[in-house]
There are 2 protein chains.
Amino acid sequence: MPAKDTGTEELIKSTAKKLFFKEGKLHATTQDIADAAGMNRSAVHYYFRTRDQLIALVFAESMQALSLLLGNVMSAKMPFRKKIQGLIDVFTNEMMEYPFQEVFLVTEINTAGHDLVTKIDEGPVSSFLNEIEKEMQLGTIEKTDPKHFLINLFSLLSYPIMMSPIYRQFFVMNEQQFDELIAERRELIMRTMFK
Amino acid sequence: MPAKDTGTEELIKSTAKKLFFKEGKLHATTQDIADAAGMNRSAVHYYFRTRDQLIALVFAESMQALSLLLGNVMSAKMPFRKKIQGLIDVFTNEMMEYPFQEVFLVTEINTAGHDLVTKIDEGPVSSFLNEIEKEMQLGTIEKTDPKHFLINLFSLLSYPIMMSPIYRQFFVMNEQQFDELIAERRELIMRTMFK
DNA sequence: TTTTTGTTTAACAAAATTGTTTAATAAATT
DNA sequence: AATTTATTAAACAATTTTGTTAAACAAAAA
């Protein structure tokens with residue numbers, strides 16, 4: 001027998017993620033996925049039974065990965081400023097690779113009603129909120145609900161990238177020009193968040 | 001004959017918008033729309049022929065409406081600060097009513113490849129960018145590419161609302177609590193954009 | 001070599017979604 | 001009142017998408 005080959009299963013998942021997260025094709029069918037992966041559609045069903053199960057898995061893994069990624073940076077032993085710099089770097093990279101991941105997640109929640117509470121570790125976030133609050137008391141950053149600080153940060157990081165198909169047309173820029181604009185933002189966001 | 005009744009046609013469109021923009025059900029079928037509008041699915045086809053045409057129309061109207069809404073504020077004869085205040089108010093209201101409108105637009109562009117250049121009036125945006133640049137020279141706001149100023153503004157306005165299903169779970173807040181958080185942001189965004 | 005096991009595909013079947021046609025209905029016009 | 005026109009809905013048909021089954025295939029184990 002062939003040694004239990006995890007390759008194909010992984011290929012299907014990563015292809016699904018490519019279509020959903022990279023290309024923003026939220027309506028991709030199992031046929032679309034099979035085509036993009038260069039295989040028969042039955043393989044998709046063989047490994048994941050139904051489209052819904054594949055999507056549920058992609059959803060769960062996406063949440064887990066994001067949670068882990070952010071959790072690592074948030075709970076790292078670093079000075080606050082460095083941590084924010086880390087968050088900006090890590091999250092910008094993630095968004096550049098998967099611009100529509102969050103769009104997929106929110107749409108899935110809206111349509112299938114997934115429950116992500118069980119899929120994320122609240123710990124790092126809640127202790128990071130405390131850290132933000134301390135920093136506010138130190139006067140490094142403006143005093144508000146620390147949730148606003150986090151929301152602002154992710155807004156400035158995510159929105160421009162996930163909405164790039166709209167804003168690229170709006171500002172009449174090609175993909176490269178827009179990428180340069182995004183690159184400028186790492187420093188810009190840093191300046192905006194402090195002071 | 002019955003006087004050409006625009007009521008039903010409008011009802012179908014507004015119901016489609018409700019599903020797409022308000023509830024974020026991007027996969028809504030013609031049956032879903034008909035059900036939500038309380039009518040037979042044939043009516044949808046009678047008025048719009050195909051699902052694609054209905055969606056194309058909803059897309060175009062959405063772009064037009066947004067363009068008009070923002071254009072009006074941007075080209076209003078007001079001091080700069082007032083104009084930003086106006087943008088914040090108008091856009092927050094729009095987002096509160098249709099949280100997933102932009103998600104719909106970007107997904108449509110990704111899947112159907114709509115071309116929105118023809119659907120928006122570039123004039124107001126480009127002259128508003130000039131106005132932002134002048135303000136930067138006056139020193140009211142930080143000096144960068146004025147596009148960043150606009151992108152920052154819309155990021156802070158849109159993202160938290162369109163991602164609320166995720167962040168509400170993230171921060172363990174119910175709908176009302178989150179709405180209060182959003183309400184606080186009008187002033188917060190104003191403070192963030194200036195200084 | 002021949003089993004056994006896991007993988008891939010083709011063929012089939014079922015379900016969901018879309019689109020059309022035709023008939024019924026109702027209101028305005030002639 | 002008869003006719004025309006616009007609307008609605010039921011019935012039907014076509015297409016798309018999903019899911020299953022059975023056979024072919026390949027590689028490891030017996």
Side-chain angles (χ1 to χ4, degrees), chain A residues 1-21 23-61 100 103-104 107-108 110-114, chain B residues 1-21 23-61 100 103-104 107-108 110-114:
Chain A
M1 61 172 167
K4 192 161 190 171
D5 176 22
T6 169
T8 310
E9 188 169 347
E10 268 308 313
L11 177 60
I12 294 171
K13 263 194 302 194
S14 66
T15 304
K17 285 174 186 167
K18 191 179 95 187
L19 290 177
F20 293 138
F21 301 169
E23 303 179 10
K25 304 267 170 66
L26 301 195
H27 308 298
T29 64
T30 53
Q31 185 67 65
D32 294 332
I33 296 168
D35 287 351
M39 65 183 61
N40 192 290
R41 189 173 56 84
S42 301
V44 177
H45 288 281
Y46 172 74
Y47 284 103
F48 300 97
R49 196 96 192 150
T50 70
R51 182 182 190 273
D52 281 356
Q53 279 187 52
L54 169 57
I55 287 191
L57 194 63
V58 166
F59 180 89
E61 282 192 5
F100 307 109
V103 170
F104 169 86
T107 300
E108 265 307 300
N110 286 336
T111 61
H114 293 278
Chain B
M1 60 173 167
K4 193 163 189 167
D5 177 22
T6 170
T8 310
E9 190 170 346
E10 267 309 313
L11 177 61
I12 294 171
K13 264 194 302 193
S14 67
T15 304
K17 287 173 185 168
K18 191 179 95 187
L19 290 177
F20 293 137
F21 302 168
E23 302 179 13
K25 304 267 171 67
L26 300 196
H27 309 297
T29 65
T30 53
Q31 186 67 64
D32 293 332
I33 296 167
D35 287 350
M39 66 182 61
N40 192 290
R41 189 173 55 84
S42 301
V44 177
H45 288 281
Y46 173 75
Y47 284 103
F48 301 95
R49 198 93 190 157
T50 71
R51 182 182 190 273
D52 282 354
Q53 273 181 256
L54 169 59
I55 287 191
L57 194 64
V58 167
F59 180 90
E61 283 192 5
F100 307 108
V103 170
F104 169 87
T107 300
E108 267 306 301
N110 286 338
T111 61
H114 293 279

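Being a predicted model, the structure only gives us computed values, none of them experimental. Naming convention: chains lettered A, B, ... in sequence-line order (proteins, then strands); numbering from 1 in each chain.
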Matching residue for Phe48(A) among Ile33(A), Thr30(A), Leu54(A) - test: side chain to side chain contact (heavy atoms under 4.5 Å, CB included): Leu54(A)
All N/O pairs under 3.5 Å across the protein-nucleotides 10-12 of chain D interface:
{"from": "dA10(D)", "atom 1": "OP2", "to": "Asn40(B)", "atom 2": "ND2", "distance (Å)": "3.2"}
{"from": "dA10(D)", "atom 1": "N6", "to": "Ser42(B)", "atom 2": "OG", "distance (Å)": "3.0"}

Spacing between Arg51(A) atom CZ and dT16(D) atom P, to the nearest angstrom: 17 Å
Sugar-phosphate, base or nothing in reach of Ala43(A), heavy atoms under 4.0 Å: base
Aromatic contact, Phe20(B) with Phe104(B) (centres under 6.0 Å): yes
Atom-to-atom span, CG of Asp35(A) to P of dT17(D) - whole angstrom: 11 Å
Residues Ser42(B), Asn40(B); criterion side-chain hydrogen bond (donor to acceptor under 3.5 Å, both in side chains); working and verdict: CA-CA 5 Å; Ser42(B) 301; Asn40(B) 192 290; 3.0 Å; yes
Tyr47(A) vs dT8(C): side-chain N/O to OP1/OP2 distance below 4.0 Å: yes
Which nucleotide in dG19(C), dT20(C), dT8(C) has an atom nearest any side-chain atom of Thr50(B): dG19(C)
Contact residues, residues 24-33 of chain B to DNA chain D [heavy atom, < 4.0 Å]: none
Spacing of NZ belonging to Lys13(A) relative to CD belonging to Glu61(A), to within rounding of 0.5 Å: 3.5 Å
Heavy-atom donor-acceptor pair, Asp32(B) side chain to Thr29(B) backbone, under 3.5 Å: yes
